[in-house]
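Notes to accompany the following structure.
First the proteins, then the strands, lettered A, B, ... as listed; each starts at 1. Nothing here was measured: the structure is a model prediction, and the numbers come from that model.
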Amino acid sequence: MPELPEVEVVRAGLVRWVVGREIGSVTVGHARAIRRFPGGPREFEAALTGRTVRAAHRRGKYLWLPLSDGQVLLGHLGMSGQLLVAAPDTPAGRHLRIVIGFSDGGPDLRFVDQRTFGGLSVEPGGDGPDQLPASLAHIARDPLDPQFEETVFISRLRRRRTEIKRALLDQSLISGVGNIYADEALWRVGLHGGRPTDRLPVAKASELVAAIRDVMIEALAQGGTSFDSLYVDVNGDSGYFSRSLNAYGRGDQPCPRCGAPMRREPFMNRSSFSCPVCQPRPRKRAVTTRHTNDLRQACP
DNA sequence: ACATCCACCTGCTCGC
DNA sequence: TGCGAGCAGGTGGATG
């Protein structure tokens, strides 16, 4: 379940079902699922066994669980990863990659991942939500983080020379936003994703931040966005936000605001959806390089 | 430093 | 029925 609301749904499930329990056994069924962990399967299993899970934190689309020995279990769901809570006798499905069992004999935590872009790792880290594991140092705060600073984000955004949608997907600028919520937020504020970041008015950028936050909070309230059983909470249940989407996946369907047929455009080996009327494509900008811009600023 | 692109995977759907 | 092409919610590392 890969964007912020879906990952937050999983985090809440981990708090409820996993925090406070002692890990009793670990089985790595597919080495690729721990490729970010340098030690390999045996060492991974040893690093977790006997440790108690103390908390479940999230930044953007990353999750981490502080353990009782100063390490953390770090996870990313990639495109198709799931963390599921399942009774120990539940049969292994085809895409089961890692099983974490607990000393209390209660339900397992299972990492299931069809496309294997996701994975788990163990690394040093503290207990608190602001003690970020070192490998997440490049991940910016997400818009639901109480310490997210809108003014800092907007000034960094406007210093970029790129397109707004590219910037929204850049997890080092703002985290948690993916293809769905980027399209939804841009639709809400009437911006085409190709608009240049450096010419976006501050007020419009501020509206965009509010729209991102709103759409994520609304999605979270409905358990996230699921088009199929690939995107589920820890109990395997789907969220309902897909029925509230206004832009994503709606190519050729009427814009919910103005009725014009929505367009689908290729974007970074994927698709972007937008309304041709509410979100006019920007005029192609004159070719200005950083160099010419610098010259312009240097000349009063 | 910054911006862009592609490899990394499996499975499903579509058109021939 | 088979087969290739295209598509899917993400990211890091290579390249410019």
Practice item. Return the nearest nucleotide to the side chain of A:Y62; candidates are C:dC7, C:dT11, B:dC5. Key: C:dT11
Practice item. Compute whether any side-chain donor of one residue and acceptor of the other, for A:S274 and A:R263, lie under 3.5 angstrom apart. Key: yes
Revision key, fill the gap. In whole angstroms, the gap separating P of C:dG9 from NZ of A:K165 amounts to 8 Å
Point to revise | Check ion pair A:K165-A:E265 (N to O, under 4.0 angstrom) | key: no
Check your understanding: Would you call the rings of A:Y62 and A:H138 parallel, tilted or perpendicular, where under 30° means parallel and over 60° means perpendicular?
Key -> perpendicular
Review point. Taking the P atom of each, how far is C:dT11 from B:dC12, in whole Å?
Key: 24 Å
Review point. In whole angstroms, how far is the P atom of C:dG13 from the NE2 atom of A:H138?
Key: 8 Å
Exercise for review: Starting at atom CD of A:Q171, determine the distance to atom C1' of C:dG13, rounded to an integer number of angstrom.
Suggested key: 16 Å
**Study point:** Separation between the C1' atoms of B:dA3 and C:dG9, rounded to whole Å
**Key:** 23 Å
Review point. In terms of side-chain heavy atoms, does A:Q222 have a donor or acceptor partner in A:S244 at a distance below 3.5 Å?
Key: yes
Review point. Paired stems touching DNA chain C, three or more consecutive Watson-Crick or G-U pairs with both distances under 3.5 Å?
Key: B:2-8 with C:10-16, B:10-16 with C:2-8
Practice item. Measure from the side-chain heavy atoms of A:N179 and tell me the nearest of C:dA8, C:dG9, C:dT11. Key: C:dG9
Point to revise | Rounded distance (Å) that lies between atom P of C:dG9 and atom CG of A:L77 | key: 15 Å
Review point. Does the side chain of A:E3 come under 3.5 Å of the side chain of A:Y231 through a donor N or O and an acceptor N or O?
Key: no
Check your understanding: To the nearest Å, how far apart are A:D170 CG and C:dG12 P?
Key -> 10 Å
Check your understanding: A:D228 near the nucleic acid: base, sugar-phosphate alone, or nothing, with a heavy-atom cut-off under 4.0 Å?
Key -> base
Check your understanding: For the pair made of CD1 in A:I212 and P in C:dG9, what is the distance, rounded to whole Å?
Key -> 17 Å
**Study point:** Contact under 4.0 Å: A:S80 side-chain N or O vs C:dG9 OP1/OP2
**Key:** no
Practice item. Answer yes or no: is there an ion pair linking A:E149 with A:R141, defined by an N-O contact shorter than 4.0 Å? Key: no
Check your understanding: Rounded to the Å, how far apart are A:Q82 CD and C:dG9 C1'?
Key -> 13 Å
Check your understanding: Yes or no on side chain to side chain contact (heavy atoms under 4.5 Å, CB included) for A:T90 and A:L84, after CA distance, side-chain angles and deciding distance?
Key -> CA-CA 11 Å; A:T90 306; A:L84 299 173; over 6 Å; no
Exercise for review: For each nucleotide in nucleotides 6-13 of chain B, reading 5' to 3', give B when a protein heavy atom comes within less than 4.0 Å of its base, S when such contact involves only the sugar-phosphate, and - otherwise.
Suggested key: --BBBS--
Check your understanding: Are any of the side-chain nitrogens in A:D127 or A:R54 under 4.0 Å away from the carboxylate oxygens of its partner?
Key -> yes
Practice item. Please state how far atom CZ in A:R159 lies from atom C1' in B:dC2, giving the value in whole angstrom units. Key: 13 Å
Exercise for review: Mind checking A:R156 for me? I need base, sugar-phosphate or nothing, with any heavy atom below 4.0 Å counting as a touch.
Suggested key: nothing
Exercise for review: Please indicate whether A:D252 has more than 12 foreign heavy atoms, meaning atoms of other residues, nucleotides or ligands, lying under 6.0 Å from its CG.
Suggested key: no
Review point. Any side-chain N or O of A:R166 under 4.0 Å from OP1/OP2 of B:dA3?
Key: no
Check your understanding: Under 4.0 Å between a side-chain N/O of A:Y181 and OP1 or OP2 of C:dG9, yes or no?
Key -> no
Review point. Is the closest basic N to carboxylate O distance between A:K61 and A:D142 below 4.0 Å?
Key: no
